[in-house]
Amino acid sequence: MLTGSHVAPTANDGAFISAEIFGGDHAAATSLGELLDHLLGGGVRIQADAGLSRFCQQRLAVIKHGAEAQSLECLHGLQAMSLVLGVALEHPRDELSMPVLADVAWHFHVQLHAVERWRELAENAAGLLENQRVAGDVAHCYVSWARSIGEWPESESPGPGQ
């Protein structure tokens with residue numbers, strides 16, 4: 001089953017594993033990326049997931065471990081698809097149809113991008129965990145940027161430590 005609005009090309013489209021899947025179509029690369037980018041700071045890619053900097057050390061650790069787990073889950077899914085596809089190709093009773101192969105190729109593409117993005121999120125969270133001074137500097141810049149675009153409320157009264 002395909003997710004999102006993507007429909008895998010069929011043999012009738014004249015494209016089996018085409019540039020639409022592996023290059024021209026950014027849906028796989030951006031769906032998870034866009035979601036995380038919006039959750040972390042406004043939808044435009046901010047350097048090294050700067051929106052993570054607003055979280056405390058405990059939450060960063062949970063995000064890091066969760067992102068690592070998601071990356072491994074995607075990798076295990078790729079391995080499983082690869083094994084099933086290998087068996088299907090070694091013992092063909094019926095030829096796999098072009099739409100089925102295009103769908104498998106699409107899912108590989110989506111999962112590869114997901115592995116990369118979850119890994120990147122985990123690495124960025126780890127970097128902020130390891131260097132709290134840098135995390136503070138990034139958080140300050142992030143808050144200033146978020147306020148400038150109206151996504152961080154201006155405080156009426158100074159909060160603790162301000």
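Of all heavy-atom pairs between Ala125 and Leu52, the closest is N-CD1, 3.7 Å.
A side-chain contact (heavy atoms from CB on, under 4.5 Å) with Ser53 is found for exactly one of Val138, Leu60, Val143, Asp137, namely Val138.
Interatomic distance, Gln70 CD to Leu121 CG, rounded to the nearest 0.5 Å: 10.0 Å. In this structure, OG on Ser82 lies 13.0 Å from CD on Gln111, to the nearest 0.5 angstrom. Met81 CE to His107 NE2: the interatomic distance, rounded to the nearest 0.5 Å, is 7.5 Å. Atom OG of Ser71 is separated from atom CZ of Arg119 by 5.5 Å, given to the nearest 0.5 angstrom. From Lys64, atom NZ reaches atom CG of Leu129 across 7.0 Å, with rounding to the nearest 0.5 Å.
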One pair to check against side chain to side chain contact (heavy atoms under 4.5 Å, CB included): Leu85 and Leu101. What are the steps and the verdict?
CA-CA 9 Å; Leu85 187 57; Leu101 289 173; 4.2 Å; yes
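Grouping the Ile, Leu, Val, Met, Phe, Trp and Tyr side chains by contacts below 4.5 angstrom, directly or via other members, places Leu89 with Val104. Val62 and Phe55 sit in two unconnected hydrophobic clusters of ILVMFWY residues. Membership requires side-chain heavy atoms under 4.5 Å apart, directly or through other members. Criterion: ILVMFWY side-chain heavy atoms under 4.5 Å apart, direct or through other members. Under it, Val84 and Leu78 are not part of a common hydrophobic cluster.
Leu36 places a side-chain heavy atom less than 4.5 Å from the side chain of Arg117. Trp118 is not listed as a side-chain neighbour of Glu68, based on a closest heavy-atom distance of 4.5 Å or more. The side-chain heavy atoms of His76 and Gln79, taken from C-beta on, include a pair separated by under 4.5 Å.
At distances below 3.5 Å, at least one donor-acceptor pair connects side-chain atoms of Arg54 with backbone N or O atoms of Gly51.
Using cut-offs of 30° and 60° for the angle between ring planes, the Trp145 and Tyr142 rings count as tilted.
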